[in-house]
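For reference, the structure discussed in these notes is given below.
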Amino acid sequence: AENVVDDVFEYEIINGCLKIDYSPDLNFNLLQFDYESPVINVTVPEKVFENVNFSVKAGTFNADCVKSNNFTFLLTAGEAYFTNVATYNSSQIKMTAGDCYFEDSYFTDADINLTAGDMNFERCSLTDDNKINMTAGELYMALMGSRSDYKISIDKTAGDVYINGYDEDEEYAVTTFIYETAVPNNIEEVTDVTVTEPISQKNLVGTIDIKVTAGDCNIDFMEEEYYE
């Protein structure tokens with residue numbers, strides 16, 4: 001810990017659970033001309049935890065290489081930055097206000113709730129059944145893979161929802177098949193056939209159910225980068 005007031009900085013480990021409590025007198029600190037923001041660093045072994053739960057009410061929170069079966073993050077206000085998050089069973093992300101950023105992360109059964117503020121996902125992946133519920137604010141997701149990897153449903157009261165730059169809520173994907181037909185003189189003719197089939201019958205990576213009361217939701221799929 002750096003730049004902390006020792007009298008109000010406490011931590012303890014109970015049954016393998018680390019608890020940190022820091023509650024300075026903000027009014028006193030703001031009067032100090034040379035006041036520097038406190039910095040608290042926590043380093044844990046690199047492994048897959050059964051449960052990881054973070055709750056941030058204010059300030060700036062950073063986390064890297066978080067691996068768990070179940071992941072929960074609650075942001076009341078402030079800023080949060082995550083990189084290299086991997087969850088394998090379930091993910092719950094809830095933000096009341098502030099700014100939240102995820103980069104190079106993987107989520108399973110994600111339940112994302114945004115009341116206000118900005119939430120960004122860069123180079124992230126979603127699998128299985130995922131839900132997005134927005135009351136207001138702005139959500140931007142740059143997801144690995146293709147639009148056809150997901151079944152997407154949209155329930156919109158107001159606001160805007162854009163998928164790959166288009167305002168859409170279709171549950172169908174267009175697939176192009178190429179086959180060869182024999183013609184006289186042993187000349188082969190290649191024909192393109194476009195077939196529209198329900199996306200629910202495809203080999204899906206997952207589903208994304210989007211419910212927007214207000215706000216802006218933008219999801220782009222990084223298909224070219226994903227398949228390099």
Side-chain angles (χ1 to χ4, degrees), residues 46-49 52 54 61-73 75 79-95 99-114 117-134 137-156 160-177 196-212 215-228:
E46 184 177 354
K47 67 175 185 178
V48 178
F49 292 89
V52 171
F54 296 118
F61 180 82
N62 297 274
D64 180 53
C65 293
V66 180
K67 298 179 181 180
S68 65
N69 288 325
N70 304 291
F71 174 80
T72 300
F73 176 65
L75 177 64
E79 298 180 354
Y81 300 87
F82 287 89
T83 54
N84 300 304
V85 175
T87 64
Y88 305 107
N89 287 344
S90 67
S91 317
Q92 183 177 5
I93 302 170
K94 184 176 181 180
M95 190 173 84
D99 296 296
C100 185
Y101 302 88
F102 290 93
E103 293 185 2
D104 302 314
S105 296
Y106 172 89
F107 299 96
T108 303
D109 280 344
D111 187 356
I112 301 171
N113 289 270
L114 176 60
D118 294 330
M119 186 179 292
N120 291 269
F121 293 78
E122 295 284 350
R123 300 181 303 278
C124 293
S125 298
L126 300 178
T127 60
D128 294 344
D129 298 323
N130 306 278
K131 298 180 180 179
I132 298 173
N133 193 331
M134 294 180 58
E138 295 187 4
L139 171 65
Y140 174 73
M141 308 184 86
L143 299 180
M144 310 302 283
S146 170
R147 162 67 181 87
S148 61
D149 292 334
Y150 296 87
K151 178 181 179 181
I152 300 178
S153 61
I154 300 174
D155 181 4
K156 181 175 63 175
D160 296 305
V161 177
Y162 289 93
I163 309 296
N164 280 347
Y166 296 95
D167 189 358
E168 64 163 324
D169 58 358
E170 294 293 331
E171 294 188 358
Y172 291 87
V174 175
T175 304
T176 299
F177 298 95
T196 300
E197 62 180 45
I199 197 169
S200 59
Q201 296 180 7
K202 296 177 65 62
N203 185 20
L204 297 175
V205 172
T207 64
I208 304 177
D209 295 327
I210 304 172
K211 183 177 181 180
V212 177
D216 296 321
C217 177
N218 289 272
I219 300 178
D220 291 328
F221 292 94
M222 306 171 65
E223 180 176 10
E224 294 182 358
E225 183 173 339
Y226 179 75
Y227 288 108
E228 286 181 352

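Along the sequence shown, residues carry numbers from 1. We use all heavy atoms of the structure for the numbers below, so side chains are in, but hydrogens, waters and symmetry mates are not. Since we're looking at a predicted model, the values are computed, not measured.
Here D216 pairs with nothing under the side-chain hydrogen bond (donor to acceptor under 3.5 Å, both in side chains) rule; sequence neighbours left out. Remark: D111 pairs with N113 by the side-chain hydrogen bond (donor to acceptor under 3.5 Å, both in side chains) rule, at least two apart or across chains. Partners of K156 by salt bridge (charged side-chain N to carboxylate O under 4.0 Å, His left out), not counting sequence neighbours, listed by chain and number: D167. The ring-ring contact (aromatic ring centres under 6.0 Å, His included) search around F121 returns F102, F107, not counting sequence neighbours. Residues meeting the side-chain contact (heavy atoms from CB on, under 4.5 Å) test with D128, sequence neighbours left out: T108, D109. Checked against side-chain contact (heavy atoms from CB on, under 4.5 Å), N120 has the following partners two or more places apart in sequence or in another chain: Y101, D118, Y140. Remark: E122 engages no residue in a salt bridge (charged side-chain N to carboxylate O under 4.0 Å, His left out) (not counting sequence neighbours). For N84, the side-chain hydrogen bond (donor to acceptor under 3.5 Å, both in side chains) partners two or more places apart in sequence, or in a different chain, are D64. Looking at residues two or more places apart in sequence or on another chain, you find a side-chain contact (heavy atoms from CB on, under 4.5 Å) between S68 and F49, V52, F71, T87. In terms of the side-chain hydrogen bond (donor to acceptor under 3.5 Å, both in side chains) criterion, residue partners of Y81 (sequence neighbours excluded) are, by chain and number, E79.
With values rounded to the nearest 0.5 angstrom, K47 atom NZ is found 13.0 Å from K67 atom NZ. Once rounded to the nearest 0.5 Å, the distance linking CZ of F61 with CZ of F82 reads 5.0 Å. Expressed to the nearest 0.5 Å, how far CG of L114 lies from SG of C217 amounts to 9.0 Å. Residue D104 holds its CG atom at 10.5 Å from SG of C65, rounded to the nearest 0.5 Å. Taking CD1 from I163 and CD1 from I154, the interatomic distance works out to 5.0 Å, rounded to the nearest 0.5 Å. Note that the CE atom of M141 and the CE atom of M222 stand 12.5 Å from one another [nearest 0.5 Å].
A heavy-atom distance below 4.5 Å is not found between the side chains of K131 and K211. A heavy-atom distance below 4.5 Å is found between the side chains of I210 and I132. I112 is not listed as a side-chain neighbour of N130, based on a closest heavy-atom distance of 4.5 Å or more. Here the side chains of V66 and F54 are in contact, with some heavy-atom distance below 4.5 Å. Looking at I208 and L143, their side chains come closer than 4.5 Å, going by heavy atoms from C-beta outward. Looking at L126 and Y150, their side chains come closer than 4.5 Å, going by heavy atoms from C-beta outward.
The two residues L75 and C100 make their nearest non-hydrogen contact at CD2-CB, 4.2 Å.
Side chain of N69 to backbone of V48: no donor-acceptor contact under 3.5 angstrom is found.
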